[in-house]
2 protein chains.
Amino acid sequence: MSTSTDKAPHGSAATASAAAATAAPTASTPEGGLGAGDTVGEVTDGIERFLCSKVAEQIHFLTSRARGRGISHANHQLEGLDLKVRQFSVLSLAASGQNPSQREMGEFLALDPSQIVALVDNLEQRGAVLRETDPRDRRSKIIVATDAGRDLHARALQILEDSEDYTLSTLSPRERKQLRSLLLKIAF
Amino acid sequence: MSTSTDKAPHGSAATASAAAATAAPTASTPEGGLGAGDTVGEVTDGIERFLCSKVAEQIHFLTSRARGRGISHANHQLEGLDLKVRQFSVLSLAASGQNPSQREMGEFLALDPSQIVALVDNLEQRGAVLRETDPRDRRSKIIVATDAGRDLHARALQILEDSEDYTLSTLSPRERKQLRSLLLKIAF
DNA sequence: TATTGTTATACTCTATAACTATA
DNA sequence: TATAGTTATAGAGTATAACAATA
């Protein structure tokens with residue numbers, strides 16, 4: 001299911017490729033004369049041949065590709081709940097029991113306060129969260145999940161865990177734990 | 001923690017959860033420990049308290065945040081070359097010696113063909129790459145870097161490696177290698 | 001004066017569809 | 001008919017600035 005339709009930030013990551021090889025529509029010519037001339041010979045078929053490029057080593061290319069694939073799949077799986085990972089992240093904080101203000105949500109999620117407004121508006125309209133004015137600072141609004149919101153959060157979480165299991169299917173349990181740990185170190 | 005200027009897709013990171021159920025609008029749970037909590041109801045200070053939320057465990061949240069931070073920093077560092085990581089990725093393939101067609105670039109970078117057009121247009125206009133019609137399939141265009149393009153690529157690469165060194169500063173050389181390896185496994 | 005939430009705006013990125021020129 | 005590239009367009013996502021209410 002996933003693949004094909006996904007479009008990630010930048011990176012790329014070859015997927016199959018087999019097809020490309022056979023297709024052979026193009027194959028690379030020895031090089032027709034302009035610039036680099038002789039360039040590196042080879043030029044094998046399939047896009048995995050670009051793994052030798054410098055961009056393929058870049059951590060931001062790899063994270064973009066991994067994120068693009070993962071989020072694309074997750075969003076698709078969440079369609080049944082009419083939810084996206086973006087909204088889930090806000091709902092998750094609202095259901096955390098930590099009584100976050102919108103500003104805190106924005107800081108933790110690395111989203112602009114104006115983006116939080118729109119996301120909370122959406123969740124509030126469908127009855128998943130409530131805005132409560134903080135009695136200690138009436139400028140601030142505490143976002144809390146309703147019963148329906150907590151139920152929605154629980155169902156979304158199950159779907160997201162299944163999605164993640166799919167996305168990380170090539171990794172062992174130990175590797176998954178390592179990856180999470182490493183990403184956590186550089187995410188904050 | 002980093003935070004501040006970066007704006008990432010969504011994410012946040014964390015583990016456990018706990019409290020949610022009890023959570024009262026304001027204040028709430030006594031809970032033990034936690035240092036900071038002076039104020040009225042628990043809810044300790046600092047956004048790291050949200051690390052207990054479910055979203056903080058999600059791999060796509062972690063990759064989003066890590067990517068957002070990394071790309072934000074990299075793009076800022078590349079400003080002097082009037083280049084962005086997006087353009088660099090295309091330039092890198094053009095300079096790889098693999099003579100990629102635009103379609104292949106799009107497939108490898110997980111970008112729509114129409115996006116490749118705009119990126120190649122930009123690089124072509126500044127003389128960094130050339131479009132060469134593939135003699136074996138006149139529909140296809142091979143993108144190759146010019147001498148100036150290769151020079152630009154080399155300078156950008158140096159900047160990006162420095163940027164990555166900054167982004168991954170909290171990881172040991174071994175951890176960096178692990179991270180790259182793990183991301184490669186799930187990116188393709 | 002400074003901060004929280006809000007609105008408005010613009011720009012980037014992403015996703016589709018249609019068109020051309022080749023095949 | 002099918003494919004590579006191109007153009008156009010609409011929608012998300014991201015980034016700023018300004019304003020009202022509150023501190």
Side-chain angles (χ1 to χ4, degrees), chain A residues 2-12 19-20 22-28 47 60 64-65 67-69 71-72 75-76 79 83-87 89-90 100-107 109-122 124 129 131-143, chain B residues 4-11 60 64-65 67-69 71-72 75-76 79 83-87 89-90 99-107 109-122 124 129 131-143:
Chain A
S2 57
T3 57
S4 59
T5 50
D6 319 32
K7 289 294 148 59
H10 48 345
S12 77
T22 354
T26 341
S28 64
I47 60 171
H60 54 68
S64 288
R65 223 316 185 172
R67 167 188 172 268
R69 268 170 51 82
I71 286 187
S72 180
N75 276 334
H76 193 267
E79 279 176 4
L83 204 70
K84 290 196 170 185
V85 293
R86 213 76 173 322
Q87 300 167 298
S89 67
V90 169
S101 69
Q102 292 187 190
R103 185 193 58 72
E104 290 173 325
M105 282 182 160
E107 191 178 348
L109 299 177
L111 294 176
D112 192 88
S114 63
Q115 296 175 54
I116 300 295
V117 170
L119 292 166
V120 171
D121 278 350
N122 178 289
E124 187 180 42
V129 305
R131 280 182 165 99
E132 298 183 356
T133 300
D134 187 337
R136 290 166 301 167
D137 184 344
R138 299 177 54 74
R139 290 173 304 181
S140 181
K141 296 181 182 175
I142 304 302
I143 311 302
Chain B
S4 60
T5 50
D6 319 32
K7 291 291 145 65
H10 44 351
H60 55 69
S64 288
R65 247 202 105 116
R67 166 187 171 269
R69 268 172 48 81
I71 286 187
S72 179
N75 277 334
H76 192 268
E79 280 177 2
L83 205 69
K84 290 194 172 187
V85 293
R86 212 76 172 322
Q87 299 166 299
S89 66
V90 169
N99 294 330
S101 68
Q102 293 188 189
R103 184 193 58 72
E104 290 173 324
M105 282 183 159
E107 192 178 349
L109 299 177
L111 294 176
D112 192 86
S114 63
Q115 298 175 52
I116 300 294
V117 170
L119 292 166
V120 171
D121 278 350
N122 177 290
E124 188 181 41
V129 304
R131 279 181 165 97
E132 298 181 359
T133 300
D134 186 335
R136 284 162 311 150
D137 184 343
R138 300 178 53 74
R139 292 173 302 179
S140 181
K141 296 182 182 175
I142 303 302
I143 310 304

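Residue numbers start from 1 in every chain, and the chains themselves are labelled A, B, ... in the order their sequence lines are given, proteins ahead of strands. In this text the structure is predicted, and so the values were computed from the model without any measurement.
Using a 4.5 Å cut-off on side-chain heavy atoms (C-beta onward), A:D134 and A:S101 make no contact.
Using a 4.0 Å heavy-atom criterion, one finds that B:S114 contacts the bases of the nucleic acid, with or without backbone contacts as well.
One can place CD1 of A:I47 at 13 Å from P of D:dA4, the figure rounded to the nearest angstrom. Remark: C1' of C:dG5 and CD of A:E124 are 12 Å apart, rounded to the nearest angstrom. Atom CD1 in A:I143 sits about 14 Å away from atom P in C:dT4, given to the nearest Å. Remark: P of D:dA17 and CD of A:Q115 are 15 Å apart, rounded to the nearest angstrom. The nearest whole Å value for the distance from the CG atom in A:L119 to the P atom in D:dA12 is 12 Å. One can place CZ of A:R138 at 14 Å from P of C:dT6, the figure rounded to the nearest angstrom. Computed from coordinates, the B:D134 CG to C:dA23 C1' distance equals 12 Å when rounded to whole Å. To the nearest angstrom, C1' of D:dG13 lies 10 Å from NZ of A:K84.
Where A:R139 and A:D121 each meet DNA chain C at their nearest nucleotide, the meeting point lying more 5' is that of A:R139.
Distance from the side chain of B:S140 is smallest to D:dA4 among C:dG5, C:dC13, D:dA4. In the set D:dT14, C:dT22, C:dT14, the nucleotide with an atom closest to the side chain of B:L111 is C:dT14. Listed nucleotides D:dT22, C:dT14, C:dT6 differ in distance to A:P113; the shortest reach to its side chain belongs to C:dT6. In the set D:dT6, C:dT7, D:dT16, D:dT16 carries the atom at the smallest distance from any side-chain atom of A:D112.
A:R67 and B:S64 form a side-chain donor-acceptor contact under 3.5 Å, judged by distance and modelled atom types alone.
In this structure a side-chain-to-backbone donor-acceptor pair under 3.5 Å is present from B:S89 to B:R86.
Partner B:Q102 forms a side chain to side chain donor-acceptor pair (under 3.5 Å) with one of B:R131, B:E107, B:K141 and no other, that one being B:R131.
In this structure, CG in A:L111 is found 6.5 Å from CG in A:L119, a value given to the nearest 0.5 Å.
Residue B:K141 has a polar side-chain atom (N or O) positioned under 4.0 Å from OP1 or OP2 of D:dT6. The phosphate of D:dT6 has OP1 or OP2 within less than 4.0 Å of a side-chain N or O from B:R131. Applying the 4.0 Å criterion to OP1 and OP2 of C:dA2, one finds that A:R103 has every side-chain N and O outside that range. A close approach under 4.0 Å does occur between a side-chain nitrogen or oxygen of B:Q102 and OP1 or OP2 of D:dT6.
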